[in-house]
Amino acid sequence: MKPEIKTGSHALMHALLEEGVETIFGYPGGAIIPVFDALYDYHDRVKYVLTRHEQGAAHAAEGYARVSGKVGVAIVTSGPAATNTITGIADAMLDNTPIVVITGQVGSSLLGTDAFQETDVISITQPITKWSYQIRRAEDVAWAVSRAFYIARSGRPGPVVLDFTKDAQLGKAEFKYEPCNFIRSYLPYPDLQIESIEAAAAIINGAKKPLAIVGQGVVLGSAEKELVAMLEKADIPAACTLLGLSAISSEHPLFKGMVGMHGNLGPNIKTNDCDVLIAIGMRFDDRVTGDLKTYAKQAKIIHFDIDPAEINKNVKVDVSVLGDVKESIPAITAKLNKANHQAWKDEFLPYEEKEYNAVIKKELTSSEGKIKMGEVIRKVSEATNNQAVCVTDVGQNQMMGARYFKYKNTRSLITSGGLGTMGFGLPAAIGAKFGAPNRTVCCFVGDGGIQMTIQEFGTIMQEKLGVKLIILNNNFLGMVRQWQEMFQNERYSSTPMQNPNFVAIAQAYNIESRLVTKHTDLDEAIADMLSDDRPYVLVVDVEQNGMVYPMIPAGTCVTNVLLGDE
């Protein structure tokens with residue numbers, strides 16, 4: 001058979017189809033016009049979503065990837081378009097989100113000449129990607145795309161950038177696609193070591209007070225069922241990191257909540273009381289550990305991870321279990337004894353009661369004065385039977401979303417963890433809705449974060465996309481205000497905000513919107529928002545001086561938990 005001859009742009013589109021790409025986010029421009037011209041011929045096979053800003057395209061690709069488990073794709077032009085994606089690429093790197101960002105570039109002969117809209121995309125993105133590569137020849141397109149997708153999705157996932165020169169887009173070459181499944185210098189899946197499996201199993205079998213901390217690695221490895229089987233067999237209570245939430249159902253009796261700065265009282269306190277700490281697919285982030293000098297010093301620590309670089313990086317461990325959790329968890333489970341740790345589990349109950357009375361009850365049962373963030377989030381969660389996808393922005397809305405939304409299904413919390421990107425929420429929710437069109441997507445944002453990417457209302461309008469956006473408006477940059485109140489003697493520097501009429505803005509984009517200021521209107525407004533799959537913006541005026549508790553001050557011991565006015 002005679003080889004197919006294709007332009008670089010058409011080769012790109014065919015390669016993306018070979019990788020199963022169905023949805024692409026992005027924004028056109030001069031240096032990427034040939035690719036968009038080729039895309040015109042594939043509109044019946046690929047859904048292209050025109051975002052209103054390139055940062056929005058990158059975050060939408062992230063949201064799509066996080067909820068679907070597939071690789072998210074964004075295509076933008078050169079120069080400022082490429083640099084506008086940097087925040088999303090960095091966010092994806094820190095949160096291990098598999099995306100491929102394709103940027104246009106000036107012709108090869110103009111590289112290094114400071115040509116119009118030329119930036120050195122490769123040098124800029126190398127520190128924040130798993131791989132960055134510049135395609136300068138049409139014959140390299142298929143090879144580069146197959147390699148990009150393999151690197152993005154395999155092992156510890158992450159972002160890849162392909163910088164595509166204009167002459168390579170226009171040039172012609174033979175096209176033959178071969179999926180990549182091996183790179184000599186890249187070993188994404190460490191071999192399981194039987195010695196580590198046996199050592200970890202022996203420690204767990206000897207434990208009297210085991211505690212598992214579950215990170216996003218379990219979700220990325222699709223090992224949720226394997227996790228639950230291990231926990232149930234050895235009767236191990238478990239807590240999740242922020243990004244690990246939804247790996248185990250909130251309703252599971254072994255689930256004890258979230259660890260970290262705004263985590264639940266019980267698992268934070270018991271971190272420094274357990275005799276065996278089992279860290280699964282998490283990286284001992286500073287927001288989880290607090291002061292490393294006092295973190296779990298009494299416990300033997302077992303660390304499951306796919307990346308050798310994470311072992312002993314922050315916390316010295318007794319046993320490391322390297323490998324894909326889809327394989328390593330069942331391997332250890334097979335060697336575990338059936339156990340009963342009821343007395344140990346009962347030790348969590350007084351802390352749960354204390355936190356409920358000091359914090360949760362007050363957040364959920366307020367009937368006078370301003371509406372509280374927590375009650376809004378819990379009411380929305382319950383109205384969806386706890387089955388919706390919860391997307392958050394960053395700040396108080398994020399921590400309240402993590403604490404008060406409930407999760408029955410995996411891949412149900414989409415939030416910016418490592419980078420803490422304000423503006424993430426709205427475009428990520430757009431991507432999430434495309435990634436899970438049959439699920440309800442509820443996005444909680446603050447009045448600060450929404451104004452960073454509010455132009456993406458245009459994307460929702462054009463696509464008639466049924467995202468449910470809840471703006472929790474307190475006319476403050478709430479989380480910064482909380483720190484100023486607690487640690488800066490209430491010196492509210494640059495945190496009060498005068499906000500626009502969010503309802504009017506949403507309506508200008510033909511999105512149904514409603515403002516709620518009274519408790520008595522909240523239930524009916526939520527029911528109306530969720531009554532069908534139309535786009536909806538619900539603006540809720542919440543108390544201005546609300547605080548997120550519990551709180552562990554940064555850099556202190558995990559047992560130094562503040563509960564507010566007890």
Side-chain angles (χ1 to χ4, degrees), residues 53 55-56 59 87 90-91 94 242 260-263 286-287 290 359 362-363 366 369-377 391-404 415-429 443-457 469-506 515-517 537-556 560-565:
H53 191 280
Q55 180 183 347
H59 290 323
T87 298
D91 191 277
L94 281 171
L242 172 64
M261 178 175 283
H262 292 289
D286 63 288
R287 285 297 194 262
V359 178
K362 296 176 182 178
E363 189 68 30
S366 173
K370 282 288 187 179
I371 303 169
K372 294 178 179 289
M373 284 191 186
E375 66 176 309
V376 177
I377 292 163
V391 184
T392 82
D393 206 78
V394 168
Q396 288 184 319
N397 64 87
Q398 177 185 37
M399 293 297 100
M400 289 296 194
R403 287 182 52 79
Y404 294 104
T415 193
S416 173
L419 198 61
T421 305
M422 287 182 68
F424 172 88
L426 174 55
C443 179
F444 298 95
V445 297
D447 46 303
I450 186 59
Q451 293 183 77
M452 290 190 172
T453 50
I454 198 168
Q455 69 277 356
E456 299 306 331
F457 279 179
L469 185 75
I470 302 96
I471 300 176
L472 302 169
N473 182 17
N474 58 12
N475 292 293
F476 256 105
L477 296 176
M479 188 60 84
V480 184
R481 181 206 57 77
Q482 176 167 335
W483 282 53
Q484 289 172 333
E485 181 169 326
M486 297 177 70
F487 309 119
Q488 306 298 139
N489 298 315
E490 300 183 10
R491 291 161 58 88
Y492 300 128
S493 176
S494 301
T495 48
M497 296 192 75
Q498 181 176 342
N499 290 318
N501 184 334
F502 292 118
V503 170
I505 293 173
L515 172 65
V516 173
T517 61
V537 174
L538 179 62
V539 183
V540 184
D541 284 351
V542 296
E543 61 177 346
Q544 195 168 76
N545 60 346
M547 305 285 276
V548 185
Y549 286 115
M551 180 178 182
I552 301 170
T556 65
N560 182 25
V561 184
L562 306 179
L563 296 178
D565 298 326

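FYI, the numbering just counts along the sequence from 1. In what follows, every heavy atom counts, from backbone to side chain, and hydrogens, waters and symmetry copies are set aside. None of these values were measured; they are calculated from a predicted model.
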Is there a donor-acceptor contact under 3.5 Å from the side chain of [X] to the main chain of [Y]?
| X | Y | answer |
| --- | --- | --- |
| Glu456 | His53 | yes |
| Asp393 | Val445 | no |
| Asn474 | Phe476 | yes |
| Gln484 | Ser493 | yes |
| Asp447 | Ile471 | no |

Search all heavy atoms of [X] against all heavy atoms of [Y] and return the closest pair with its distance.
| X | Y | answer |
| --- | --- | --- |
| Pro550 | Gly263 | CG-O, 3.6 Å |
| Gly401 | Ile377 | N-CD1, 3.4 Å |
| Arg287 | Ala554 | NH1-CB, 4.5 Å |
| Asn501 | Ala504 | OD1-N, 2.9 Å |

Measuring only between side-chain heavy atoms, which start at C-beta, is [X] closer than 4.5 Å to [Y]?
| X | Y | answer |
| --- | --- | --- |
| Phe424 | Thr453 | no |
| Met486 | Leu562 | yes |
| Val391 | Phe444 | no |
| Thr392 | Cys443 | no |
| Phe502 | Gln451 | yes |
| Val359 | Arg403 | yes |

Point-to-point distance, once rounded to the nearest 0.5 Å, from [atom1] of [X] to [atom2] of [Y]:
| X | Y | atom1 | atom2 | result |
| --- | --- | --- | --- | --- |
| Gln455 | Ile505 | CD | CD1 | 11.5 Å |
| Met399 | Met373 | CE | CE | 12.0 Å |
| Asp91 | Thr421 | CG | OG1 | 3.5 Å |
| Gln398 | Thr415 | CD | OG1 | 3.5 Å |
| Tyr404 | Glu375 | OH | CD | 10.5 Å |
| Met479 | His262 | CE | NE2 | 4.0 Å |

Notebook entry, point to check: Is there a side-chain contact (heavy atoms from CB on, under 4.5 Å) between Ile371 and Val516 once you walk through the steps?
Noted result: CA-CA 9 Å; Ile371 303 169; Val516 173; 3.9 Å; yes
Next item on the list: Could you give me the CA-CA distance, side-chain angles and deciding distance for Leu477 and Met422, then say whether side-chain contact (heavy atoms from CB on, under 4.5 Å) is met?
Entry: CA-CA 11 Å; Leu477 296 176; Met422 287 182 68; 4.2 Å; yes
Item checked: Between Gln55 and Thr87, a side-chain donor and acceptor under 3.5 Å -> no
Note to self: Testing Gln482, Gln488, Arg481 one by one against Glu485 for a side-chain hydrogen bond (donor to acceptor under 3.5 Å, both in side chains), which residue passes?
What the structure shows: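 That would be Arg481; it is the only one of Gln482, Gln488, Arg481 passing the side-chain hydrogen bond (donor to acceptor under 3.5 Å, both in side chains) with Glu485.
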Which donor-acceptor pairs under 3.5 Å do side chains of residues 539-549 form with protein atoms, sequence neighbours excluded?
| residue | atom | partner | partner atom | Å |
| --- | --- | --- | --- | --- |
| Asp541 | OD1 | Asn473 | ND2 | 3.4 |
| Glu543 | OE1 | Lys372 | NZ | 3.4 |
| Glu543 | OE2 | Lys372 | NZ | 3.1 |

